[in-house]
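A short worksheet on the structure shown next.
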Protein chains: 2
Amino acid sequence: MDIFDRRILRALQKDSQRPIAELARDIGLSTSACHRRIKLLEENGLIRGYAAQIDRTALGLKLQVFVEITLSSQAREVLEAFETAVTRFDDILECHLTSGHADYILRVVARDMNDYADIHRECLSRLPNVASMQTIFTLRPVQQWRGYPIRDAD
Amino acid sequence: MDIFDRRILRALQKDSQRPIAELARDIGLSTSACHRRIKLLEENGLIRGYAAQIDRTALGLKLQVFVEITLSSQAREVLEAFETAVTRFDDILECHLTSGHADYILRVVARDMNDYADIHRECLSRLPNVASMQTIFTLRPVQQWRGYPIRDAD
DNA sequence: CGTGAAAGCGAAGCGCT
DNA sequence: AGCGCTTCGCTTTCACG
């Protein structure tokens, strides 16, 4: 992991479809050297994959919501049952076990308020051991899709 | 936006590097038809770009944090000043204006607790008009990087 | 809008330094 | 490790149904 790898990651995080030759010139490397480094970064798991970034609103998903979940118990089986159930919901994009007063925080998308009301009901009925669900609507995304900061100094 | 476009988006969201010929066979289209559709999806802005997915922990970013921010005022200039300042922080990956008791929710990454303490201080000193900052640490990511749900029924 | 084939280009692999 | 060349495969485009 040197300066060149960092430059490669920074670039690929922004745009993974630029020709390697172009990228190589920008960072001061030959095409083949750059190519080999990329393959190594993939093999070593630093690059987990490549994905198209889709416009959420163009899909008709106007709402983005954070949901704070508190369970009725923090027993291991309860957490596991909840987490398994969570993965079955396509609308739940992310789920994090958290510190603080709530147990989990979810990121959920929905078409509109009616759609979210449905999802909300579905969650209450099919996610086990939920004691409370606190919904936080995002009114406006200020900053989105920013890649991870990759600093030269490690 | 028909069934084929949806299948294309679903596929590209998971892996944008598969050969088009392969993808086309999977969804039941010829290579060129599939290719034309992809270019159209790009032109129409449904596909905003292509990005490498980097392993956060491999970068040494062990911590992921949600921060709820309450400002001292909800005046337009105050919000704008805050939002402009937010974009200057590389460690703040996302920022959403939200409903509820707080004004904003941020997603922040950090190397470790010391690093986060630094970031926290930096935020308090350089983000204007912050009345309170509530930190929520994510202890374990349960679900990550799931693409948007793309339903056949619209 | 879909198909099939042809051409142009970048990615992948090689020997060498 | 880096470089330059060659090969191969995919993307891209075209003429046509």
Side-chain angles (χ1 to χ4, degrees), chain A residues 1-61 145 147-154, chain B residues 1-61 145 147-154:
Chain A
M1 249 315 248
D2 60 5
I3 179 77
F4 292 112
D5 286 323
R6 277 186 264 268
R7 285 181 187 162
I8 289 172
L9 290 176
R10 262 196 290 262
L12 292 183
Q13 206 173 207
K14 281 194 196 134
D15 181 4
S16 67
Q17 289 213 329
R18 274 178 54 204
I20 295 181
E22 207 180 298
L23 170 63
R25 254 187 293 105
D26 282 9
I27 68 176
L29 232 54
S30 73
T31 305
S32 48
C34 187
H35 178 260
R36 181 146 36 85
R37 278 168 180 272
I38 291 173
K39 290 302 147 191
L40 246 83
L41 289 168
E42 290 170 358
E43 279 169 31
N44 296 348
L46 268 110
I47 297 174
R48 294 177 72 113
Y50 299 89
Q53 298 173 312
I54 311 292
D55 188 302
R56 179 171 52 86
T57 58
L59 288 176
L61 298 169
W145 268 334
Y148 292 123
I150 301 176
R151 303 215 196 292
D152 290 338
D154 228 63
Chain B
M1 250 313 251
D2 60 6
I3 178 78
F4 294 112
D5 287 324
R6 277 186 265 267
R7 287 181 186 161
I8 289 172
L9 290 177
R10 263 195 289 263
L12 292 183
Q13 206 174 207
K14 281 193 196 132
D15 181 5
S16 67
Q17 290 214 329
R18 274 178 54 203
I20 295 180
E22 207 180 298
L23 170 63
R25 255 189 291 106
D26 283 9
I27 67 178
L29 232 56
S30 70
T31 303
S32 47
C34 187
H35 178 259
R36 183 145 18 105
R37 279 169 180 269
I38 291 173
K39 291 300 148 192
L40 241 74
L41 289 168
E42 290 170 358
E43 278 170 31
N44 295 349
L46 267 110
I47 297 175
R48 295 177 73 114
Y50 299 90
Q53 297 173 312
I54 310 292
D55 188 303
R56 178 171 51 85
T57 59
L59 288 176
L61 299 168
W145 269 335
Y148 293 123
I150 302 175
R151 304 215 195 292
D152 289 339
D154 226 63

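Just so we're clear, the structure is a prediction, and the values are computed from it rather than from any experiment. Below, chains carry the letters A, B, ... as their sequence lines are ordered, and counting in each starts from 1.
Counting heavy atoms from C-beta on, the side chains of L9(A) and L59(B) come closer than 4.5 Å. Under the 4.5 Å side-chain criterion, counting only non-hydrogen atoms from C-beta, L46(A) is not in contact with D5(A).
Atom pair E43(A):CD and dG13(C):P shows a separation of 10 Å (rounding to whole Å applied). Atom CG in L23(A) sits roughly 13 Å away from atom P in dG10(C) (whole-Å rounding). Atom P of nucleotide dA11(C) and atom CG of L41(A) are separated by 15 Å, given to the nearest angstrom. Whole-Å rounding puts the E22(B) CD to dC10(D) P distance at 8 Å. Atom CG of L40(A) and atom C1' of dG2(D) are 14 Å apart (whole Å). Between L29(B) atom CG and dG2(C) atom P there is a gap of 5 Å when expressed in whole angstrom units. Taking atom CG of residue D2(A) and atom C1' of nucleotide dG2(D), one finds them 12 Å apart after rounding to whole Å. The separation between R18(A) atom CZ and dA11(C) atom C1' is 16 Å, rounded to whole Å.
For the pair R25(B) and E22(B), the salt-bridge criterion is not met [side-chain N within less than 4.0 Å of a carboxylate O].
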Item to complete: Output, in order, the C-alpha distance, side-chain angles, deciding distance and verdict of salt bridge (Lys or Arg N to Asp or Glu O under 4.0 Å) for D26(B) and R10(B).
Response: CA-CA 12 Å; D26(B) 283 9; R10(B) 263 195 289 263; over 6 Å; no
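Here the closest heavy-atom approach between residue I27(A) and residue F4(A) is recorded as O-CE2, 3.4 Å. Here the closest heavy-atom approach between residue Y148(A) and residue I54(B) is recorded as CE1-O, 3.5 Å.
Contact annotation: R37(B) does not reach the phosphate of dC1(C) (side-chain N/O to OP1 or OP2, under 4.0 Å).
Of the candidate nucleotides dA11(C), dC1(C), dC3(D), dA11(C) has the atom nearest to the side chain of P19(A).
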Sort me out a list of protein N/O and nucleotides 12-15 of chain D N/O pairs below 3.5 Å, or just none if empty.
residue	atom	partner	partner atom	Å
dT12(D)	OP2	H35(B)	NE2	2.8
dT12(D)	O5'	H35(B)	NE2	3.3

